[in-house]
Amino acid sequence: MIGLADCNNFYVSCERVFKPHLKNKPVLVLSNNDGCVIARSNEAKLLGIKMGQPVFKIRHLINKENVKLFSTNFPLYGDFSSRVMDILKSEVQKVEVYSVDEAFLDFSDSASIDRAIFIKNKIEKWTGIPISIGLGRTKSLAKIANYIAKKYTRKGAFILEDHLIQRVLGNFPVEELWGIGRRYGNMLKYSGVHTALDFKNMSSSWVKKNLSINGLRIQKELKGEKCFDIELVNRPKKNICTSRSFSSDISDVILLREIISNFTNLAASKLRKQKSCCNRITVFLNTNRFKPNDRQHYPRITLNFPTATNDSIEMTSMAIKALNIVYRKGCMYKKAGVILQGIVSQTEIQASLFDNIDRPKRKKLMQSFDKVNMLIGPDSVRLASQGFQSRWRHKKENKSPCYTTRFSDVLQININ
DNA sequence: TCTGGGGTCCTAGGACCC
DNA sequence: TCTGGGGTCCTAGGACCC
């Protein structure tokens, strides 16, 4: 059996740990710039607030129902995530950390509802984060079991045993299946496939033709045939992207250079962290698509490095070169980003005959760069091109303290 | 006024090779 | 009548995930 542990309303739950009076109250966590809803408490879901909804469209509801808002606080969520994962790893031998709030667990040694409930309770007691655990023969079935555990059980745990599969699938909406998104969901319903059971009974060749190989795998998994294994090593990323929307529109090329320089440096440090180099860099800009009367421009350009690199200086000058090519004067840009591609391990680099950079020296420089920034804080050492302006940075008006990752934010308790 | 960020995989088609 | 066969690599676009 495979288990899926999934934290309930994860970001909201993290915020509630230090604000227990918000239990049973409607709470939202907002995206960067406090623009969209990215996490909702159950109470907020009941008010009809949707995932991804722009905040300004539900402002009246927020005021009327006294919904509590939080800006994102990723250091806090990241820290809680690793605490939860550590507990899971102490209870189960093989754990695949699937996302910030989800993990697949190998229950092949012993799968019982009591064991699942024990783990769930331990996590809640030790971290304050509520979690649900679902068990099934395959990852896809475990996902379904988790959905039921979360929605229909009190204990927060559920085992999808063989004799239940027929009935459960018959009542499970096809668009809720793992790997079936909105497009496929609509297409399936249009073809008369409404439940997971309908999907399971479709002809495999039709599924393969219309939903490609991955659709076929999902179908097999519903039949109990394992197609996705638990993966224990986290594979290095094949693409690394750093992008942001700005708090206001920007047309100033000098400022855009600073922004692109900052994005490139962030991406480069992610690249070095996983001990990789990249062969290509893409720079893109977007104007504000919600202002159709403004001049629209969505340029993107990819430049190749002569030799795969993870050197911030080399990468930044390439990125700025790219920006200078695509930038159009007079356009108001709302978002920009940098994507690194052609990622290879730093030990497998094809050297170039015409390379004129002193690689060993630069490597040492980057190592010191990273070390200082790790010890003193991000961007303590930076390239001059990164600048010091901050007017493009995010609006975060409701950010909670970093209770668990910053000494100055640690809670103080007065004992009388 | 105001609309997130970071990923993966698959497929088709074009350019190229012998 | 009749115009080969078998590959690789790369990229863009489209689907999906959290």
Side-chain angles (χ1 to χ4, degrees), chain A residues 4-11 28-39 49-60 62 69-74 77-78 81 96-104 139-140 143 146 174-188 207-218 227-228 231 234-249 263 266-267 270-271 274 279-280 282 284 286-292 294 298 300-302 304 332 334-343 393-397:
Chain A
L4 174 67
D6 190 332
C7 301
N8 304 349
N9 316 326
F10 183 56
Y11 294 169
L28 300 176
V29 175
L30 309 180
S31 63
N32 278 331
N33 294 319
D34 295 340
C36 286
V37 175
I38 58 166
I49 297 172
K50 299 271 181 294
M51 192 70 166
Q53 241 180 342
V55 175
F56 74 92
K57 286 191 178 171
I58 50 168
R59 186 60 73 181
H60 60 285
I62 291 169
L69 304 181
F70 288 97
S71 306
T72 49
N73 184 348
F74 287 117
Y77 313 148
S81 174
E96 176 187 339
V97 178
Y98 180 66
S99 74
V100 70
D101 70 332
E102 258 180 81
F104 286 106
K139 280 185 170 178
S140 300
K143 275 270 184 185
N146 189 282
V174 71
E175 69 273 18
E176 296 290 338
L177 281 171
W178 185 45
I180 304 291
R182 217 177 57 204
R183 285 282 170 86
Y184 283 159
N186 286 339
M187 192 254 283
L188 286 167
V207 172
K208 166 103 199 277
K209 187 169 161 242
N210 291 283
L211 290 89
S212 89
I213 185 72
N214 217 40
L216 191 60
R217 291 198 184 114
I218 298 166
C227 296
F228 306 109
E231 293 184 36
N234 29 357
R235 288 174 292 174
K237 301 252 179 292
K238 295 175 178 175
N239 298 293
I240 290 175
C241 172
T242 299
S243 75
R244 298 283 184 277
S245 296
F246 314 134
S247 47
S248 56
D249 297 349
F263 290 175
L266 191 55
K270 292 184 201 170
L271 188 63
Q274 68 165 28
N279 278 291
R280 292 191 298 283
T282 299
F284 66 89
N286 292 168
T287 46
N288 192 339
R289 66 181 195 279
F290 297 105
K291 289 185 183 166
D294 283 11
Y298 304 88
R300 146 186 307 250
I301 188 173
T302 303
N304 291 292
M332 300 296 286
K334 177 66 179 168
K335 182 176 178 175
V338 166
I339 308 169
L340 310 181
Q341 290 163 302
I343 291 179
R393 287 180 197 276
H394 296 135
K395 265 186 278 188
K396 281 197 180 183
E397 284 168 0

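Note on naming: letters A, B, ... go to the chains in the order of the sequence lines (proteins, then strands), and numbering restarts at 1 for each one.
- A:T242 comes within 4.0 angstrom of the backbone, heavy atoms only, and of no base.
- Partners of A:F70 according to the ring pair (Phe, Tyr, Trp, His ring centres under 6.0 Å) rule, which considers only residues two or more places apart in sequence or in another chain, do not exist here.
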**Asked** What pattern of brackets, bars and dots sums up DNA chain C from 5' to 3', given Watson-Crick or G-U wobble pairs under 3.5 Å, [ ] for crossing pairs and | for another strand?
**Response** ....||||||||||||||
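- Here A:K143 lies in heavy-atom contact (under 4.0 Å) with sugar-phosphate atoms only.
- Within 4.0 Å (heavy atoms only), A:K291 reaches sugar-phosphate atoms of the nucleic acid but no base atom.
- Within 4.0 Å (heavy atoms only), A:L211 reaches no atom of the nucleic acid at all.
- As judged by a 4.0 angstrom heavy-atom cut-off over every strand, A:Q53 is placed among residues making no nucleic acid contact.
- Looking only at side-chain heavy atoms (C-beta outward), A:I343 and A:P236 stay at 4.5 Å or farther from each other.
- Note on A:N32: only backbone sugar-phosphate atoms sit closer than 4.0 angstrom, heavy atoms only; bases stay farther off.
- Using a 4.0 Å heavy-atom criterion, one finds that A:I218 contacts no nucleic acid atom at all.
- Counting non-hydrogen atoms under 4.0 angstrom, A:D101 reaches the backbone sugars and phosphates but no base.
- Among the atoms of the strands shown, none is found under 4.0 Å from any heavy atom of A:R300.
- Listed by chain and number, the residues in a ring pair (Phe, Tyr, Trp, His ring centres under 6.0 Å) with A:F104 are A:Y98, A:W178 (sequence neighbours excluded).
- Contacts of A:E176 classified as salt bridge (Lys or Arg N to Asp or Glu O under 4.0 Å), with partners at least two apart in sequence or in another chain: none.
- Partners of A:D249 by salt bridge (Lys or Arg N to Asp or Glu O under 4.0 Å), not counting sequence neighbours, listed by chain and number: A:K291.
- As judged by a 4.0 angstrom heavy-atom cut-off over every strand, A:L30 is placed among residues making no nucleic acid contact.
- At a cut-off of 3.5 Å, with distance as the only test, no side-chain donor of A:S71 or A:N73 sits close to an acceptor on the other residue.
- A:R182 is linked by a salt bridge (Lys or Arg N to Asp or Glu O under 4.0 Å) to nothing, counting only residues two or more places apart in sequence or in another chain.
- Partners of A:F74 by ring pair (Phe, Tyr, Trp, His ring centres under 6.0 Å), not counting sequence neighbours, listed by chain and number: A:Y11, A:Y77.
- Nearest-nucleotide positions on DNA chain B for A:P236 and A:I38 put A:I38 closer to the 5' end.
- A:R244 comes within 4.0 angstrom of sugar-phosphate atoms only, judged by non-hydrogen atoms across all strands, and of no base.
- Judged by closest nucleotide on DNA chain B, A:S247 is the one of A:S247 and A:S243 placed further toward the 5' end.
- The salt bridge (Lys or Arg N to Asp or Glu O under 4.0 Å) search around A:D6 returns A:K150, not counting sequence neighbours.
- Across all strands shown, A:R182 has heavy atoms under 4.0 Å from sugar-phosphate atoms exclusively, and none from any base.
- For DNA chain B, the outermost nucleotides in 5' to 3' order that have an atom under 4.0 Å from a heavy atom of chain A are B:dC2 to B:dT11.
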